[in-house]
There are 2 protein chains.
Amino acid sequence: MASIRDVARKAEVAVSTVSRVLNSSGYVSEDTRRKVLSAMEELDYMPNEMARNLFHNRTNFIGVMVPDISHPFFAMVTKFIEEELYKNGYKVVLCNTVEKSNREKEFVDMLRRRIVDGIIMGAHSLEIEKYRNLNLPIVALDRIIEGIPNICVDHCKGGRLAAQALLHSGCHNVVQIMGCRKVHSYSEQRHIVFSEVMKSHGVQVRTVELAWNLFNFQEYLNVAKQVLDKMQDIDGIFATDQVAMAFIRVLLERGKRIPQDVKVVGYDGTSFAEGCSPSLTTVVQPMADLGKTAADSVLTLIKGGRLESDQILLDVELKQGNTTL
Amino acid sequence: MASIRDVARKAEVAVSTVSRVLNSSGYVSEDTRRKVLSAMEELDYMPNEMARNLFHNRTNFIGVMVPDISHPFFAMVTKFIEEELYKNGYKVVLCNTVEKSNREKEFVDMLRRRIVDGIIMGAHSLEIEKYRNLNLPIVALDRIIEGIPNICVDHCKGGRLAAQALLHSGCHNVVQIMGCRKVHSYSEQRHIVFSEVMKSHGVQVRTVELAWNLFNFQEYLNVAKQVLDKMQDIDGIFATDQVAMAFIRVLLERGKRIPQDVKVVGYDGTSFAEGCSPSLTTVVQPMADLGKTAADSVLTLIKGGRLESDQILLDVELKQGNTTL
DNA sequence: CGCTACATCACGAATACTTGCCATATTAAT
DNA sequence: ATTAATATGGCAAGTATTCGTGATGTAGCG
């Protein structure tokens with residue numbers, strides 16, 4: 001493929017002149033300009049971005065790390081991240097981490113090897129110590145890593161909203177399904193608050209913890225069956241949308257009526273929740289905002305700026321569906 | 001950050017020696033080797049990948065273009081693409097195209113600017129002419145572009161399977177919802193075959209075409225309402241999972257029983273189909289295979305190899321749910 | 001012991017490609 | 001003629017790799 005040198009040769013000018021035409025910088029006569037432009041066209045020249053990047057010491061890539069891109073929540077957030085980054089001239093390098101814990105370290109190394117300019121860390125990790133206090137353009141998505149700014153969702157409010165929804169619906173005996181505790185996510189908060197609120201109203205709460213890195217609907221169905229086998233008397237369920245859907249399916253199969261017999265509140269607000277029948281009452285996370293804010297934050301860090309706060313907290317809302325009263 | 005020069009200086013050897021240690025090539029005495037290694041450690045040196053790439057003229061990036069990463073089908077396929085590429089030392093650059101038709105051209109330009117080594121084109125396009133016969137490492141995912149190899153799904157069989165499912169359930173009057181015809185996708189075939197099979201059995205088929213780039217559940221609900229308003233007598237529906245879900249929701253809201261009154265067959269086999277209640281009978285696309293094959297195909301092209309065929313056709317299966325008899 | 005031949009090791013220069021700064025050259029205006 | 005503005009060229013920087021070449025060291029043979 002043609003290089004800037006080939007263009008220069010063809011247009012009979014110096015390489016630097018071609019560069020000037022390319023970047024519309026400095027002085028170039030209209031005549032030369034045309035010559036260069038037509039040489040470019042003839043040779044079908046495209047500037048080599050790698051050489052450019054080497055010079056500028058940037059890549060315009062941002063690494064986005066998620067546990068599972070096929071999970072609706074992460075897919076949606078990633079979509080908004082991509083959109084915002086694209087608007088700012090950056091591209092997304094995608095990385096799935098499920099069941100590959102060492103990839104997180106690799107990913108941070110990508111930053112140090114100048115493969116990406118920044119990282120949005122939306123993944124769950126078991127070895128956060130590895131990249132503490134790196135002081136590189138990294139932001140965490142809904143996770144707490146010491147020394148790394150995070151964009152989180154107000155899970156306390158989320159837990160409270162979920163609790164209130166089930167309380168209003170008259171639940172007395174509920175179960176909540178939470179992610180693996182080993183994952184240092186701020187989202188644990190919602191289960192703590194949920195529990196507190198429920199208990200303060202005299203409602204019995206049982207908590208079931210999922211295994212690490214579980215993102216598979218069949219597994220969710222198994223969990224639902226096990227839980228419902230063990231706890232036949234529950235009248236309320238709080239879990240992420242997908243897990244909630246699995247419970248609904250098992251409950252309906254067992255002849256329970258929703259919401260009359262059992263109430264269900266989801267968490268996430270993915271299209272899952274609106275797509276199903278009955279539609280799920282769920283705590284909606286601000287995925288668009290989350291994505292945009294995360295993107296803007298890394299960009300700020302890359303530009304050498306500082307974030308206003310080390311923790312940005314975004315709001316959640318309850319979306320009423322037909323699984324609660 | 002430290003460069004190879006800094007390491008060389010510190011270890012008191014030539015830059016090229018450091019390079020040899022780095023790449024374990026050529027002769028390096030054990031002594032020198034140790035010196036270099038410890039200098040690297042001390043300086044926390046990481047080779048600059050950009051410079052490497054410039055020299056080798058490769059980036060180890062593959063562009064993956066999808067209309068909407070938040071759509072479960074594309075999210076799932078992307079996941080498998082990423083997995084396979086990762087195994088082969090490549091990384092995914094993600095690009096969403098919905099409502100940005102010029103991005104496809106930009107994306108192909110990325111190839112020519114050496115930003116990515118290859119492209120998997122899973123997007124719908126209105127201007128395929130732009131990158132016909134480019135002879136670059138591009139493969140199309142379930143789309144037909146002249147001169148570009150494609151990995152497709154046997155939509156003929158898919159259409160037949162869907163038709164048979166509705167026939168077996170005793171439908172007499174069905175509607176199928178198809179994507180925008182402007183999108184040159186091989187998936188049109190399923191609707192043609194579906195129609196043929198149904199008609200050959202004396203079943204009336206009506207076809208509704210969606211607008212271009214429609215990936216939003218609310219819109220699907222609107223379409224479902226409109227269609228059901230207009231065609232009150234239909235007893236069978238064939239559409240992609242998400243659209244099918246919208247129909248189910250509207251049907252249930254209107255007091256119809258599924259599958260007694262209306263049968264529904266989906267297409268895709270995303271987790272949507274298994275997550276909902278009633279579970280959807282659907283034609284399952286081989287998403288894992290699709291992703292892996294697409295990834296392997298670009299890699300073959302990048303290595304200068306040739307694909308066995310310009311069209312690779314993957315199999316589909318019917319997954320029986322509770323929306324047909 | 002000394003010389004040749006070969007293996008081993010290290011280095012400099014060239015390469016990849018673009019950009020930015022400095023220097024030089026040309027033209028026009030005062 | 002001097003200054004300013006315009007136009008172009010040349011070279012270095014940015015970093016890692018590879019190749020050719022020179023410099024050692026070692027072994028074998030006469």
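Proteins come first, then strands; the chains are lettered A, B, ... in the order of their sequence lines, and each starts at number 1.
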Q: Specify the separation, in whole Å, of atom CZ of A/Arg113 and atom P of D/dT15.
A: 16 Å
Q: Could you state the atom-to-atom distance from CZ of B/Arg5 to P of D/dA12 in whole Å?
A: 14 Å
Q | Partner residues of B/Lys87 under the side-chain contact (heavy atoms from CB on, under 4.5 Å) criterion, sequence neighbours left out | A | B/Glu83, B/Glu84
Q. Cut-off 3.5 Å, side chains only: do A/Ser19 and A/Ser16 have a donor facing an acceptor?
A. no
Q) Would you say the side-chain atoms of A/Tyr86 and B/Glu106 include a donor-acceptor pair closer than 3.5 Å? A) yes
Q: At the 4.0 Å heavy-atom cut-off to chain A, mark where contacts on DNA chain C begin and end, going 5' to 3'.
A: C/dC17 to C/dG20
Q) Just how large is the angle between the end axes of the helix from C/dC1-D/dG30 to C/dT30-D/dA1, five pairs per end, to 10 degrees? A) 60°
Please check this pair: side chain of [X] against backbone of [Y], looking for a donor-acceptor N/O pair closer than 3.5 Å.
| X | Y | answer |
| --- | --- | --- |
| B/Ser29 | B/Thr32 | yes |
| B/Asp117 | B/Thr59 | yes |
| A/Asn88 | A/Tyr90 | no |
| A/Asn96 | A/Ile69 | yes |
| B/Asp142 | B/Val153 | yes |

Q.
When you measure from the side-chain N and O atoms of A/Ser29 to the phosphate of D/dT8, is any distance below 4.0 Å, counting only OP1 and OP2?
A. yes
**Q.** Side-chain N or O of A/Tyr27 closer than 4.0 Å to phosphate OP1/OP2 of D/dT6
**A.** yes
Q.
Using a 4.0 Å heavy-atom cut-off, does A/Arg20 contact any base of the nucleic acid, only the sugar-phosphate backbone, or nothing at all?
A. base
Q) Using a cut-off of 4.0 Å on non-hydrogen atoms, how would the nucleic acid contact of B/Ser3 be classed: base, sugar-phosphate, or nothing? A) sugar-phosphate
Q: Please work out which residues in residues 9-16 of chain B have a non-hydrogen atom less than 4.0 Å from an atom of DNA chain D and list them by number.
A: B/Val15, B/Ser16
Q | Heavy-atom pair with the smallest gap, counting every atom of A/Ser297 and A/Ile151 | A | OG-CD1, 3.4 Å
Q: Please name all residues satisfying side-chain hydrogen bond (donor to acceptor under 3.5 Å, both in side chains) with B/Ser38, sequence neighbours left out, ordered by chain then number.
A: none
**Q.** Residues that B/Glu12 engages under side-chain hydrogen bond (donor to acceptor under 3.5 Å, both in side chains), provided they are two or more places apart
**A.** none
Pairs under 3.5 angstrom only: tabulate donor-acceptor contacts from the side chains of residues 1-8 of chain B to other protein residues two or more places apart or in another chain.
{"from": "B/Ser3", "atom 1": "OG", "to": "B/Arg5", "atom 2": "N", "distance (Å)": "3.1"}
{"from": "B/Asp6", "atom 1": "OD1", "to": "B/Arg9", "atom 2": "NH2", "distance (Å)": "2.7"}
{"from": "B/Asp6", "atom 1": "OD2", "to": "B/Ser3", "atom 2": "N", "distance (Å)": "2.8"}

Q) Which residues, if any, of residues 30-50 of chain B bring a heavy atom under 4.0 Å of DNA chain C? A) B/Thr32
Q | Stretch residues 51-61 of chain A: residues that reach within less than 4.0 Å of DNA chain C through a heavy atom | A | A/Ala51, A/Arg52, A/Phe55, A/His56
Q | Residue pairs, two or more places apart or on separate chains, that pass salt bridge (Lys or Arg N to Asp or Glu O under 4.0 Å) and touch residues 296-308 of chain A | A | A/Lys292-A/Asp296
**Q.** salt bridge (Lys or Arg N to Asp or Glu O under 4.0 Å) pairs, two or more places apart, involving residues 23-36 of chain A
**A.** A/Glu30-A/Arg34, A/Asp31-A/Arg34
Q: Would you list the pairs meeting ring-ring contact (aromatic ring centres under 6.0 Å, His included) in which at least one residue belongs to residues 27-66 of chain B, sequence neighbours left out?
A: A/Phe61-B/Phe61
Q. At what distance, to the nearest 0.5 angstrom, does CG of B/Asn57 lie from CG of A/Asn48?
A. 6.5 Å
